[in-house]
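The structure appears below as structure tokens.
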Amino acid sequence: PGQIGIVGLGDFGLFCMAAFDASSDMKVVAVADPRPDLAARMPPTNRVSAYADWRSLIGDPSVEMVHVATPPWTHAEIALAAAAHGKSVFVEKPLALSLADADAMIAAFEEAGLALGINYVMRHQSIYRLLIALSQRGLLGSIHRIALENGAQAVPRGHWFWDRDQSGGILVEHGVHFFDAFRQIAGDARPSVTFDGGSRISTQIRYDQGAWGSFYHDFSLDKRIERLDATLLFDTGAAHLTGWIPEALTLRAIARDINGWREVVSACPGAQLSSKDAEVITISYAVPDRTAAY
């Protein structure tokens, strides 16, 4: 198995450790985190090297790949140091807080012949994969509109999330998930106007292929009522999905190539295709366990 060192063992780092351990071809061999209770945080079944300083993990010869699960402002420094030690890197989004840092990271890994990956998890979620496949097969025609509304639970004041020098702000720290996912469907894009209300932000986007997009994020809600909804309008179909880790999809479309539709949908276990007449079809899909999917 590939031997992984995780830098950053907060709740998400622990989540990732369990995911790596559940795979057949990856093994966590080292972790790094300055917390004084680092050893106590790890599951008792994990016999790995534990370091208070990420530099020690990068210097560990048993580590082949470094998973950077730390806050955004640390990504560039850790990744560049890993490249200098001959380690490939898998970094949580965002890659960096500036284009200059991102370009420097990409150049360093290309020069060293190492892999640099970003954890854009939405690309691998079944609902997005289905929408991407339908779009790339041309079954929906051109996309006209993407509208996303994300009502998220409030992040406590004083958290690094609110410091743009540390997080990059809502659109960089969180919005990149959805910019990346929908780019797989609508192509490259340019922002046109953004309204920033602190804990709320809205941005309008024009995609190079002609689609219009709007993305609204609100990090001021009670956890019990948080919700994400997205609507996509195409030439011949309309889709609605819910959940920031997508939990449900409903899509109605004109399906002239019904065999093409059946081929794509059959590759997504659990998706249901039904038809009310010769051409108009409905796809419904529910993810039974979003944590497992994540």
Side-chain angles (χ1 to χ4, degrees), residues 93-95 117-150 171-172 174-192 202-217 227-288 290 292-294:
K93 53 77 196 165
L95 177 62
I118 310 172
N119 191 12
Y120 283 138
V121 66
M122 297 303 174
R123 290 188 185 190
H124 310 286
Q125 299 302 306
S126 54
I127 284 176
Y128 281 111
R129 289 176 70 89
L130 176 58
L131 286 172
I132 291 167
L134 291 170
S135 176
Q136 291 179 345
R137 281 283 296 267
L139 295 171
L140 289 161
S142 298
I143 186 165
H144 295 189
R145 170 76 168 147
I146 298 169
L148 178 141
E149 291 195 353
N150 177 25
L171 295 181
V172 171
H174 184 73
V176 291
H177 268 314
F178 309 100
F179 296 145
D180 178 73
F182 292 121
R183 181 181 177 276
Q184 312 305 311
I185 297 170
D188 291 340
R190 301 289 181 273
S192 57
S202 176
T203 188
Q204 307 298 311
I205 288 175
R206 293 184 66 89
Y207 287 87
D208 292 352
Q209 296 178 12
W212 295 355
S214 64
F215 294 79
Y216 173 80
H217 296 279
R227 183 178 180 86
L228 184 143
D229 293 272
T231 299
L232 294 84
L233 301 179
F234 298 85
D235 282 337
T236 58
H240 179 254
L241 64 88
T242 59
W244 91 266
I245 295 297
E247 299 172 69
L249 168 72
T250 302
L251 186 153
R252 280 176 52 81
I254 298 170
R256 297 184 177 92
D257 177 12
I258 191 63
N259 290 329
W261 279 84
R262 286 174 177 154
E263 181 182 342
V264 174
V265 173
S266 66
C268 187
Q272 303 293 321
L273 187 153
S274 60
S275 178
K276 291 186 176 180
D277 60 37
E279 290 188 342
V280 178
I281 59 99
T282 299
I283 293 175
S284 57
Y285 185 31
V287 176
R290 78 171 194 167
Y294 191 26

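Below, each value reflects all heavy atoms present in this structure, side chains not excepted, and no hydrogens, waters or symmetry copies.
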What side-chain donor-acceptor pairs closer than 3.5 Å can you find for residues 255-272, not counting sequence neighbours?
residue	atom	partner	partner atom	Å
Asp257	OD1	Gly260	N	3.0
Ser266	OG	Arg262	O	3.0
Ser266	OG	Glu263	O	2.9

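Within 6.0 Å of CZ in Arg206 there are 12 or fewer heavy atoms belonging to other residues, nucleotides or ligands. Counting non-hydrogen atoms of other residues, nucleotides and ligands closer than 6.0 Å to CD of Glu149 gives a total of 12 or fewer.
With sequence neighbours left out, Glu247 forms a side chain to side chain contact (heavy atoms under 4.5 Å, CB included) with Arg290. Take Trp244 and apply the ring-ring contact (aromatic ring centres under 6.0 Å, His included) test, not counting sequence neighbours, and it matches His174, His177, Tyr294. Remark: Arg227 engages Asp229 in a side-chain hydrogen bond (donor to acceptor under 3.5 Å, both in side chains) (not counting sequence neighbours). Taking the side chain to side chain contact (heavy atoms under 4.5 Å, CB included) definition, one finds that Ala293 meets it with Gln125, Val287, sequence neighbours left out. Every side chain to side chain contact (heavy atoms under 4.5 Å, CB included) that Ala248 has, sequence neighbours left out, goes to Thr242. Ser275 pairs by the side chain to side chain contact (heavy atoms under 4.5 Å, CB included) definition with Ile281, not counting sequence neighbours. Taking Tyr216 as the reference, nothing meets the ring-ring contact (aromatic ring centres under 6.0 Å, His included) condition, with sequence neighbours excluded. Partners of Asp188 under the side-chain hydrogen bond (donor to acceptor under 3.5 Å, both in side chains) rule, at least two apart in sequence or in another chain, are Arg183. Partners of Asn119 under the side-chain hydrogen bond (donor to acceptor under 3.5 Å, both in side chains) rule, at least two apart in sequence or in another chain, are Glu92. Residues passing the side-chain hydrogen bond (donor to acceptor under 3.5 Å, both in side chains) test with His144 are Asp235, sequence neighbours excluded.
When side chains are defined from C-beta on, Met122 counts as touching Phe178, because their heavy atoms get closer than 4.5 Å.
Rounding to the nearest 0.5 angstrom, the gap separating the CG atom in Leu130 from the OG atom in Ser135 is 11.0 Å. For the atom pair CG (Leu241) and CG (Leu251), the distance works out to 10.0 Å, reported to the nearest 0.5 Å. One distance of note links CG of Leu148 with CZ of Phe215; it measures 6.0 Å at 0.5 Å rounding. Distance CD1/Ile205 to CD1/Ile146: 8.0 Å, rounded to 0.5 Å.
Taking every heavy atom of both residues into account, Arg145 and Ala211 meet most closely at N-CB, 4.4 Å. A pairwise comparison of heavy atoms in Ala253 and Leu140 identifies CB-CD2, 4.0 Å as the closest pair. Nearest approach of Tyr285 to Ser126, heavy atoms of both residues: OH-OG, 3.0 Å. A pairwise comparison of heavy atoms in Ile185 and Leu232 identifies CD1-CD2, 4.0 Å as the closest pair. The two residues Gly175 and His217 have their closest heavy-atom pair at CA-NE2, 3.9 Å. When all heavy atoms of Ala238 and Leu233 are compared, the closest pair comes out as CB-CD2, 3.7 Å.
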Would Trp212 and Gln204 satisfy side chain to side chain contact (heavy atoms under 4.5 Å, CB included), going step by step from the backbone distance to the final call? CA-CA 8 Å; Trp212 295 355; Gln204 307 298 311; over 6 Å; no
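No donor-acceptor pair under 3.5 Å is formed between the side chain of Thr250 and the backbone N or O of His240.
Contacts classified as ring pair (Phe, Tyr, Trp, His ring centres under 6.0 Å) and involving residues 121-142 (residues at least two apart or in different chains) are given here: Tyr128-Phe182.
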